[in-house]
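Just the heavy atoms: all of them, side chains too, but no hydrogens, waters or symmetry mates, feed the values below.
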Amino acid sequence: MSNLLLNFAWFLLLPVACFAEWTLNLEYSLNGFTNSYDLGVIEMRRTFDGNFTGTFKPAKDKNFGQRLLDAQDDTYSVRAKSSSQPGQTFLTTSDPCLFLHSNLFHVFWISISQDKQELHTITVFPDTVAWRNDEDGKYNSLGKSCSEKSSLSATSSGSPKGIVHVVGESTLPTPDTAAFVQKLEREKRAKQHGADADNRSFIAKYWMYIVPVVLFAVISSAVNPDAGAEGQAQ
């Protein structure tokens, strides 16, 4: 009986584990999207705790590495389109030489809204775990061009690879400013009617209202930092 219940539970969870709830379609260019190519898709799935994980499914593009090698001194641009946000695109750029030295491995950092299933920003980095050493045993971007590094011909044939890091939007309580104002009014009226004055400091009296405001500002700044021009919606 217990095995039957366990199998039934796995059957119910199977659709959750196998099917993406929404997707991010990726394309790349090395000339400002005069020409563009399919990079792959990031499949977003909700986990049991309500957060999302992303899985990168690369396009089968055997010419990917060769294109980066041919345009190693240009700009590598990646554009994302979310299935939940029709007509909206998100852009991130980097140096193609970095990905040649990381054996075509990508690290995608994406910021999302879990409740709305919407993409906020996307940024792509080379995966330094897969980094190739140059002749000095260390990548040095100063004084050398990409072609002056150790041979990169081994990476010129192959498809892109990558992992995804998802940063969710935190839901924070709104500071109760109305209750704070009402308390000030009550104390003002009490003083007018001759009630004993509260000689405590301002912070001692109103810390329960001040702390949520400060926390709200600090956490909001940490969760949604200014991303500048890179990775923003176009």
Side-chain angles (χ1 to χ4, degrees), residues 20 22-44 54-113 117-132 134 139-167 225-234:
W22 52 297
T23 58
L24 307 176
N25 293 306
L26 306 176
E27 57 181 346
Y28 72 96
S29 176
L30 296 157
N31 56 11
F33 287 96
T34 300
N35 303 101
S36 60
Y37 309 94
D38 184 23
L39 182 62
V41 62
I42 294 177
E43 297 180 347
M44 304 297 297
T55 303
F56 175 57
K57 298 293 183 66
K60 295 180 179 180
D61 182 2
K62 294 183 178 180
N63 296 320
F64 175 74
Q66 185 61 51
R67 290 195 183 102
L68 292 189
L69 189 62
D70 294 340
Q72 57 191 253
D73 297 320
D74 295 323
T75 300
Y76 176 45
S77 303
V78 176
R79 186 162 60 189
K81 297 179 181 179
S82 172
S83 62
S84 63
Q85 296 160 277
Q88 195 169 4
T89 60
F90 301 81
L91 181 67
T92 178
T93 60
S94 190
D95 181 352
C97 186
L98 301 179
F99 294 89
L100 289 170
H101 277 270
S102 66
N103 287 301
L104 310 182
F105 275 90
H106 297 58
V107 178
F108 297 95
W109 281 88
I110 62 176
S111 172
I112 67 167
S113 168
Q117 295 189 13
E118 291 182 351
L119 176 66
H120 289 169
T121 62
I122 180 170
T123 308
V124 61
F125 300 97
D127 187 351
T128 55
V129 174
W131 205 261
R132 294 175 60 88
D134 61 17
Y139 181 81
N140 180 8
S141 60
L142 300 176
K144 295 180 183 178
S145 68
C146 186
S147 59
E148 291 174 330
K149 305 288 182 184
S150 59
S151 175
L152 299 175
S153 59
T155 64
S156 63
S157 60
S159 300
K161 300 167 280 289
I163 58 174
V164 182
H165 292 283
V166 181
V167 179
D226 292 332
E230 184 174 334
Q232 297 295 333
Q234 302 299 307

key: Spatial distance of atom CZ (R79) from atom CG (L26) [nearest 0.5 Å]   = 11.5 Å
key: Non-hydrogen side-chain atoms of V166 and M44 separated by less than 4.5 Å   = yes
message = Using every non-hydrogen atom in the two residues, find where S82 and L24 come nearest and quote the distance to one decimal.
response = CB-CD2, 3.6 Å
key: Validation row: F33, L91 side chains within 4.5 angstrom (heavy atoms)   = yes
query = Residues two or more places apart in sequence or in another chain: which of them pass salt bridge (Lys or Arg N to Asp or Glu O under 4.0 Å) with K81?
reply = E27
D61/R67 salt bridge by N-O under 4.0 Å criterion = yes
message = Under the rule for ring pair (Phe, Tyr, Trp, His ring centres under 6.0 Å), what residues qualify as partners of F56, not counting sequence neighbours?
response = F108
query = In terms of ring plane angle, is the pair Y28 and Y37 parallel, tilted or perpendicular, where the classes change at 30° and 60°?
reply = tilted
ask   = Between H165 and V107, which heavy-atom pair has the shortest distance, and what is it?
value = CD2-CG1, 3.5 Å
message = Donor-acceptor pair, distance only, cut-off 3.5 Å: does the side chain of N103 make one with the backbone of F105?
response = no
query = What distance separates I112 CD1 from T121 OG1, expressed to the nearest 0.5 Å?
reply = 10.5 Å
Exercise: identify the closest heavy-atom pair between L119 and A80 = CD2-CB, 4.3 Å
query = Quick one: does L104's side chain get under 4.5 Å of L68's, heavy atoms only?
reply = yes
inquiry  = Within this structure, what is the NE2-CD distance for the pair H101 and Q72, rounded to the nearest 0.5 Å?
reply    = 8.5 Å
key: Side chains of Y76 and L30 in contact at under 4.5 Å (non-hydrogen atoms)   = yes
message = Using only atom types and a distance under 3.5 Å, with no angle test, would you say the side chain of K161 pairs donor to acceptor with the backbone of S159?
response = yes
query = Do you see a donor-acceptor pair shorter than 3.5 Å between the side chains of S77 and T75?
reply = no
request  = Measure across V164 and G54 and return the closest heavy-atom pair with its distance rounded to 0.1 Å.
outcome  = CB-O, 3.4 Å
note = For A71 and P96 the tightest heavy-atom approach is O-CG, 3.2 Å
query = What class does the angle between the rings of H106 and F64 fall in, given that below 30° is parallel, 30 to 60° is tilted and above 60° is perpendicular?
reply = tilted
Rounded distance (nearest 0.5 Å) linking atom CD1 of I42 with atom CH2 of W22 = 9.5 Å
note = Closest non-hydrogen atoms of S29 and S36, given as atom of the first, atom of the second and distance, are CB-CA, 4.4 Å
key: Non-neighbouring partners of Q117 that pass side-chain hydrogen bond (donor to acceptor under 3.5 Å, both in side chains), sequence neighbours left out   = E21
